Structure formats: structure tokens, C-alpha cells
**Q** 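To start, I am sharing the structure in question, which I have written as C-alpha cells.
Convention: sequence-line order gives letters A, B, ...; per-chain numbering from 1. Remember, predicted model here, so these are calculated numbers, not experimental data.
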Amino acid sequence: MSLLAVENLSLEFRTRSGIVRALENVSLELPEGGSLGLVGESGSGKSVLSFAILGIQDAAARITAGRIRFAGQDLLANEGRAMKALRGRELAMIFQNPRVALNPIRQVGQQIEDVLRRHTDLRGKTLRARAIECLAEVRIPDPERRYAAYPFELSGGMCQRVMIAIALACRPRLLIADEPTTGLDVTTQAAIMRLIRDLGHEKGMATLLITHDLGLAREFCDKLAVMHAGHIVETGPTEAVFRTPAHPYAAQLTRATPVGQDRLENLAAIPGNLPDLRRTDLPACRFAERCERRADDCAIPLPRYEVGAGHTAFCHHPTRLEAA
Amino acid sequence: MLATILKRLLGAIPNLIGVIVVTFLLTRALPGDPAAFFAGPAGTAEAVEEIRVKLGLNKSLPEQFLLYVRDLSRGDWGNSLATGQSVLTELTTRLPASLELTLCGLVLAVVIAIPLGILAATRPGSWIDHLCRGIATAGVSLPTFFTGLLLAYIFYFLLGWAPSPLGRLDPYLSSPPTVTGFYLIDSLLVGDLDVFVGAAKQLILPAVTLALFVLAPLARMTRAAMLGVLSADFIRTARAAGLAPTTVLFTYAFRNALLPVMTTLGMVFSFLLGSNVLVEKVFAWPGIGSFAIEALVASDYAPVQGFVLTMALLYVFLNLAIDIAYGLVDPRMRIDQ
Ligand SMILES: Nc1ncnc2c1ncn2[C@@H]1O[C@H](COP(=O)(O)OP(=O)(O)O)[C@@H](O)[C@H]1O
Ligand code: SF4
Ligand SMILES: [Mg+2]
């Protein structure tokens, strides 16, 4: 059984300028200890999906359909009470731009203690000792001294380590990392990614890595889910998706990432833009307006196409058919 | 820390010198001749001239200024023509009355505006949000002396709920022995509840008047600052870590929102010191504001200069206090850095 299963989730934002259909019929699965890369260009709904899993979405968001199951529990039941009990303890999350993602006027050690105090019975000296231990676990040198540092006194990489320490303080079973290396320099990026992977292995923790860096996803994840405009268009084992992409969007993305070094934001390879998700006439296939393979039957609801074992695409004319 | 405070105080000296020069010139530029005023309508030309010489007003402006500065440096702030009293004594005995009133107004405004702003920010679009915005709009459009008169009219004249708006204490009660000069505190120090209640009753209307004046900017700023902070990334991190909603709201959000709120608080406190002048007049409050107005009307230079100087000193201390408070809340602002 999978640790995390998102089933046919739809989410929309009610805004003044209309309803934003940010997620539609999204499904995901992540086994215990596994790693899944959620990729797609900026604005495709990766963050919205991860916030929904944690129940920290914007007040304007409404989940209109679907379920989120974690270790067999329905996270959306009882107005998300199950989720609240697990958040920060069994599910944890780290974010991009670590320097602004920490409370600027609170010592980092205290920020770790806040989490520990909330979820454990540790108090006083043992609480502090455990907070310092958490800092040491994310390989922060001189953790006793760093305990009393404020985020502005630390580098971006150090702040990201602190955020990881906060997330891992209660040894969660799932870590969601939303573009954890955005805003960091290249060498720090690699160090942070290695840290996340190593800690994941050490603690048998599953990771959901959100990134628009396909190379990164290829290097660190066993499975991949490709997202486009609020749809998951293709999902499967990382190498399978790279070798035999079926959805035209996934095909273009992977083709544009030959050695796994380039970052998606640098690639002008995919022509066109994401459709405006407030439109009331959104096509069944949200990629249709950018697709070279589009045909008349693309207007009807998308079929599920099994590319291979555990490898699925949602498209009327997947590229695989031609190659075969 | 102490060295920094000292440095800051020394740094304020040029400002104070500026204030001394400007008030000196301004008082001299005021219409009206103090000598003529004090000689009275029946005063002969010789009498006026005599007073002029006695006051040193026959000397040139630079000479008068040097004499003024010389006196100041000796701690002599001059005497009031009207009362004959030393200005410094008058100001120091009246200052606690003004401060007590101002602080009460401020505390009242803070305990209403800050919770209101927080609630409005956490429930956007709710009735409390609309109330907050309503107050913010209404508050700025009413001048203090008008609210003061209106309140006195309604609560004293029409309803009779408030005591007559005449000073700090009912004439039948005697003021408590001076320790802090704050009647509320001094009365409690000697355990005199009657005086405490009496002083509180007198305080309510003028304090409410002042509070109404600053409620709007405080509530608006609290709301805006909270809205800004609540959408910050680190709040999302705190929520993702499963922290209790109260921890997120107070330890994380409010403490960060406190910085702009404190800036507003300082600004508002300066407003209050200024608007005190009119409110004291309306409620016959024996503070430094009403003292200054009377002196101004009589072209009585020394008290006016003394008043402005006192205000300038208060501003200096206020700004220093705010900077220190800033440093306490925000490690990035510690003043010794
Ligand atoms: N609070 C919100 N209100 C309205 N629309 C939103 C809100 N948050 C996100 N969206 C929309 O949802 C879509 C997905 O955004 P996001 O998940 O941040 O993209 P990604 O993380 O993949 O870059 C975007 O079109 C964005 O405009
Ligand atoms: S469904 Fe049609 S339009 Fe959409 S991606 Fe597939 S081929 Fe292109
Ligand atoms: Mg994002």
C-alpha cells in the first residue's frame, strides 16, 4: 500500500476575477520510503498540490473533488482534522527561498524547539539538547553556537538546513520539498539535495520533490509525475519517462533536457504559454493549444494510456504509438 | 547599550539647539507686544516702556538670544509674566498631568485598536473587518477638540454620567501626595480609593477623546501589518510544521507585525502630545498644553519657549525609547549594531 495517495483531486480558487481551476482530477502515489519528482513549468500547480496535501492552502481554495490518503487515513475527513494531527509530525515540508521562509526575528534553535514542543513531551534542557541535535543532524557545524543565530546571520544554504532540521525534527514519514534549491547558489544546491537524499535514506522517509529542474528530478527521484496546467499528464518510473515519454508535453520536456543539467526555466523549447486557468472554456486537454499532435478527437475527455509497467499518460495521441 | 544610549542623546543636541533657535525667533515673530499686554489697556506709554526695559525687550534680538541661552544653560527657563512663577517649576508640576492623560489615552487606544486590527486581519471580509475599516475612516475625519466637546456635551451635559469637565479631580477631593505626579498611581500608593475613582472619572472623557483620535491609525496599521505578515513565507513554514494556530498568530505573526505597529505608535504618541493642547483646553486640564495656550494668548514668551523645549525633549526621549523597543523586538535593529 502506498504511503501517500492523491486520488482524483480537484481544487479551485474563488477569486474576484473568476474561478481559477488550479487542479483537476490529479492523482499521485508515493510508496513508503520512495521518492517522487513532481515536475512542470512554473504555474502548473505543483505548489498548490503540495499545500493541499498539507492542508495549508490559501483560504480562497476549495477542494471540489477527490481524496488524499496518507498511511490509509483520509486526510480530508472531518474538515482536515486528521491532517492537522499529522502535519509537522508525520508529514513535513520545506520551501524555496529559505532566507525568507524562516521567522526573521526568532533564533533558529527556538524555531526548532517550537515544533518539538508542539509535537513531543520534551521540555527545558532536553528540549534544547534535542534542538541542537536536530541542527547537528543536518550537518550544521558548531550547532550549539548556531542555535542562537537569527536567520539573517546565516547563509541561504544554512537557512535551508535549518528548515530541513525543523521539518525533520519529529522524524516524519513524508517530506515534501517545494523547490528546495531555488534561491541558492549551484554548489549549495547540490549539497542540499544530497542532504535531503541521504537523510531520506537514513530515516526511511519518503520524499516528494517539487522542481522545475528535470535534471535534478532525474538524479534524485525513482518516480516522476509531469504536471501541466493543473493536470498530471504523465507519471511513471523516472528512467521510463525519460526514455519513452508518451505525452507530447513530457516528450518535449525530456527531449529538451539531454544531459540532465539544464534547468527548465532556461529552456525555450516548449512554445506557447499555460492557458489562463480562469477561462470557462478550458479544453479537456489543457495542452491542446500548444500541441503539435492535436486532432479533432482531442476535445473529448482524456483517456488513460498505459505506456508500460506503472507508466501512464493522459493523451489521445501519445507519441509512443508512432514509435511502435 | 548604555554607551549607545548616551551617544544617541548627544546626537540629539543639534536638534535641540535648532529647536531653541526656532522657538526663540517664532515667539519674537508672534503678533502682540507682551509689554503692552501686561501694562493693561490703561497702561501709559511710559509704563509700557518700563516693562519693556525690565523684560530686556529693548535689547537687540541677538542680545536677547544670548541672554536666553545663558539663562537656559544655568537651568533658568525664565519666569512667567502672568503668574510670576518660574517656568521650569510650572512645567514640571504640570507635566505629570499631561503625561497621565496622554498615556491613558494611548493605552486605551492600544487595547482597543490592536485586538481589533488583529481580528480584522484574521477574518477579512467579516463584520469586524468592516468595523475596523469604518473606524479608520471615521477616526481621521474628526478633530479632537470637536470630539472632546461632543463627548462632554453628551456625557456630562445631556446624560450627566460624567463629572464636570473641569480638571483632574473633583474640588471636594484633595489631590494625593505627589510621588509620581500621576493621580491614579499616587492615590493607590496611599490606598485612597476615593481619590483613585475620582481621578479616573475625570480622566475618562479626555482620555477617550485622545484615544478616538489615534484609534484609527493604530487599528489600520495593525490590520495592514498583520495582513502583510500573515501572507509571508515564514508563516507558511510555521503552519506546515503544524504549530498551534495561537503560536502562529502571536509568536510568529504578531511579533513581526509589531515593528510597523511600533513605528505608528511612536508617531501617534507625538500626535497625542500635540493634540493634548486642545483637549486640555476643552477639559480645563492643568497640564502643560493649557499652560502654553494661556501663555501664547498673553504673548508670554518664556512659558511658550519652555513648553516647546519640553515637547522637543519629550520627542527625543520618545524616539530613543522606540529605538530601544525596536531592538528588543527585532534582532536586526539592535541599536548598538
Ligand atoms: N491563492 C491563489 N489564488 C488564486 N490563484 C492561485 C493562488 N495560488 C495559486 N494560484 C494559481 O494556481 C496556479 C498554480 O500555481 P502554483 O501551484 O504556485 O504553480 P507552481 O508551484 O507549479 O509554479 C497558478 O495559475 C496560480 O496563478
Ligand atoms: S490529447 Fe491531443 S492535444 Fe492533448 S496532448 Fe494529447 S495529442 Fe496533444
Ligand atoms: Mg511553486
Side-chain angles (χ1 to χ4, degrees), chain A residues 47 50-51 53-60 83-108 110-119 148-153 159-160 162-170 172 175-178 183, chain B residues 118-130 222-223 225-263 322-337:
Chain A
S47 297
S50 57
F51 295 167
I53 294 172
L54 240 65
I56 53 168
Q57 66 270 39
D58 198 276
M83 173 130 53
K84 275 180 205 142
L86 297 175
R87 194 194 292 153
R89 196 196 315 246
E90 302 253 311
L91 293 107
M93 184 157 179
I94 61 174
F95 302 89
Q96 61 185 40
N97 299 328
R99 301 202 63 162
V100 295
L102 292 175
N103 188 343
I105 59 172
R106 201 161 172 75
Q107 295 179 347
V108 296
Q110 287 183 321
Q111 299 189 45
I112 298 175
E113 283 184 0
D114 289 338
V115 182
L116 289 168
R117 198 180 298 109
R118 170 73 170 164
H119 300 299
Y150 291 95
F152 75 94
E153 296 168 326
C159 285
Q160 190 57 285
V162 170
M163 192 146 52
I164 296 172
I166 290 175
L168 302 194
C170 301
L175 174 70
I176 303 177
D178 187 356
Chain B
I118 294 178
L119 284 174
T122 49
R123 296 171 179 69
S126 66
W127 67 269
I128 205 148
D129 189 15
H130 292 298
T222 309
R223 176 178 172 275
M226 281 300 282
L227 277 178
V229 171
L230 282 171
S231 65
D233 284 5
F234 67 85
I235 293 298
R236 204 177 47 202
T237 311
R239 292 176 62 206
L243 297 188
T246 47
T247 314
V248 175
L249 194 61
F250 294 105
T251 317
Y252 280 67
F254 183 63
R255 278 201 50 199
N256 275 279
L258 209 52
L259 298 170
V261 170
M262 259 162 33
T263 313
I322 287 173
D323 282 349
I324 294 172
Y326 254 162
L328 290 179
V329 173
D330 190 342
R332 292 165 296 186
M333 304 260 193
R334 303 262 145 96
I335 55 175
D336 28 351
Q337 278 166 6

**Q** Name the region of A:I166, side chain, backbone, both or neither, that has any atom closer than 4.5 Å to a heavy atom of chain B.
**A**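 For A:I166, the contact with chain B is made by the side chain alone.
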
**Q** Which atoms of A:P104 are under 4.5 Å from chain B, going by heavy atoms: the side chain, the backbone, both sets, or neither?
**A**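 Both backbone and side chain of A:P104 come within 4.5 Å of chain B.
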
**Q** At what distance, to the nearest 0.5 angstrom, does CG of B:L243 lie from NE2 of A:H119?
**A** 6.5 Å

**Q** Does A:R118 reach the side chain of B:T247, with side-chain heavy atoms less than 4.5 Å apart?
**A**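 They are not in side-chain contact.
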
**Q** For the CG atom of B:D330 and the OH atom of A:Y150, what is their distance to the nearest 0.5 Å?
**A**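 Reported value, rounded in 0.5 Å steps: 9.0 Å.
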
**Q** Please give me the minimum heavy-atom distance between A:G55 and B:R239, naming the atom from each residue.
**A**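 What the structure gives for the nearest pair is O-NH2, 4.2 Å.
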
**Q** Is it the side chain or the backbone of A:Q111 that comes within 4.5 Å of chain B heavy atoms, both, or neither?
**A** both

**Q** Closest approach of A:N103 and B:F234, non-hydrogen atoms and distance?
**A**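 Smallest heavy-atom distance, with atoms named: N-CB, 3.5 Å.
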
**Q** For B:S231, is it the side chain, the backbone, both or neither that has a heavy atom under 4.5 Å from a heavy atom of chain A?
**A**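 Contact with chain A is absent: no heavy atom of B:S231 under 4.5 Å.
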
**Q** May I ask you to name which of A:D114, A:L54, A:D58 has the most heavy-atom pairs under 4.5 Å with chain B?
**A**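 Looking at each of A:D114, A:L54, A:D58 in turn, A:D114 comes out on top.
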
**Q** For A:E90, which atoms come within 4.5 Å of any heavy atom of chain B: side chain, backbone, both, or neither?
**A** neither

**Q** Under 4.5 Å heavy-atom distance to chain B, tell me which part of A:M163 shows up: side chain, backbone, both or neither.
**A** side chain

**Q** Would you mind checking which part of B:V329 comes under 4.5 Å of any heavy atom in chain A, side chain (CB onward), backbone (N, CA, C, O), both or neither?
**A**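 Both the backbone and the side chain of B:V329 come within 4.5 Å of chain A.
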
**Q** Taking every non-hydrogen pair under 4.5 Å, which of A:N97, A:L91, A:V115, A:L86 racks up the most with chain B?
**A**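 That would be A:V115.
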
**Q** Please find the pair of heavy atoms, one from B:D233 and one from A:A101, that lie closest to each other, and give the distance.
**A** CB-CA, 3.9 Å

